[in-house]
Amino acid sequence: FREPSVRVFGKTYRCSEEAYHAQKPEPFDATAWDAMRVGVMLACVRAKFGADASLRALLASTHPHPLVSIKGDAFWGFDPRRGRGGENMLARLLEEIRDELVRAGGDG
């Protein structure tokens, strides 16, 4: 798929990843960022799926199966090679958005 541009936090970004990183506090404050990063990611990913009907349909088609974000990041992903997994937060946010789509009647 092609990553759509997203409009979030009053600005348009090339992609959700760029939007996410642009929200980091300057100067960087890890404590502040940790407190806001999940909400920021949720808004950015929600904007990504809101911008592309084919992505909404793809995400909705995974219902009701659990999602796993395979990546080395212990917070956002799950790394089966590490033996202790991870928080899988990105997949949990995707499941939240997917559930909203399904409740709304499909691909939104």
Side-chain angles (χ1 to χ4, degrees):
F1 71 91
R2 182 188 68 76
E3 183 81 24
S5 62
V6 298
R7 181 149 184 87
V8 65
F9 306 115
K11 187 174 176 187
T12 300
Y13 298 91
R14 289 177 299 155
C15 63
S16 59
E17 183 82 11
E18 179 184 54
Y20 172 78
H21 288 292
Q23 307 316 306
K24 290 181 179 177
E26 291 183 25
F28 185 72
D29 178 326
T31 302
W33 181 239
D34 285 349
M36 63 191 286
R37 66 183 173 163
V38 172
V40 169
M41 180 65 84
L42 180 59
C44 292
V45 175
R46 206 176 252 139
K48 173 181 179 170
F49 284 91
D52 188 318
S54 66
L55 288 179
R56 289 191 301 277
L58 180 61
L59 183 60
S61 75
T62 66
H63 186 268
H65 306 289
L67 299 177
V68 177
S69 180
I70 304 292
K71 50 177 64 208
D73 185 303
F75 182 72
W76 294 113
F78 178 86
D79 185 353
R81 297 169 295 174
R82 298 173 88 189
R84 58 187 192 277
E87 295 292 317
N88 200 34
M89 183 57 70
L90 179 58
R92 290 168 46 196
L93 295 178
L94 290 170
E95 288 174 343
E96 180 178 331
I97 294 167
R98 179 188 64 193
D99 291 346
E100 292 168 1
L101 290 172
V102 170
R103 281 193 303 274
D107 64 11

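Atoms considered below: every heavy atom in the structure, side chains included; atoms not considered: hydrogens, waters and symmetry mates. Note that the structure is a prediction, hence the values are computed from the model and not measured.
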At their closest point, which heavy atom of C44 faces which heavy atom of F9, and how far apart are they?
SG-CE1, 4.0 Å
Tell me the salt bridge (Lys or Arg N to Asp or Glu O under 4.0 Å) pairs involving residues 28-46, sequence neighbours left out?
D34-R37, R46-E96, R46-E100
Within the side chain of D79, is there an N or O that forms a donor-acceptor pair under 3.5 Å with the backbone of D73?
no
Over all heavy atoms of both residues, which pair between V45 and L94 is shortest? Give the atoms and the distance, please.
CG1-CD2, 3.5 Å
Nearest 0.5 Å, please: how far is CZ in F75 from CE in M89?
4.0 Å
Reported OG1-to-CD distance for the pair T12 and E18, which is rounded to 0.5 angstrom
10.0 Å
What's the shortest heavy-atom distance between Q23 and Y13, and which atoms?
NE2-OH, 3.0 Å
Heavy atoms of G50 and R56 approach each other most closely as O-NH1, 3.0 Å
Looking only at heavy atoms, the pair that brings P4 and L55 closest together is CD-CD1, 3.8 Å
Stepwise, does the side-chain contact (heavy atoms from CB on, under 4.5 Å) test hold for K71 with L90?
CA-CA 10 Å; K71 50 177 64 208; L90 179 58; 4.1 Å; yes
On a heavy-atom basis, the closest approach of Y20 and V40 is CD1-CG1, 3.7 Å
R7: partners by salt bridge (Lys or Arg N to Asp or Glu O under 4.0 Å), with sequence neighbours left out
none
Point-to-point distance, once rounded to the nearest 0.5 Å, from CD of E95 to CG of L59
9.5 Å
Verdict with supporting geometry, R14 and E3, salt bridge (Lys or Arg N to Asp or Glu O under 4.0 Å):
CA-CA 8 Å; R14 289 177 299 155; E3 183 81 24; over 6 Å; no
If I take atom NZ from residue K48 and atom OG from residue S5, how far apart are they, to the nearest 0.5 angstrom?
12.0 Å
Does the pair F78 and L67 meet the rule for a side-chain contact (heavy atoms from CB on, under 4.5 Å), with working shown?
CA-CA 10 Å; F78 178 86; L67 299 177; over 6 Å; no
Which value, rounded to the nearest 0.5 Å, describes the distance between R81 atom CZ and I70 atom CD1?
9.0 Å
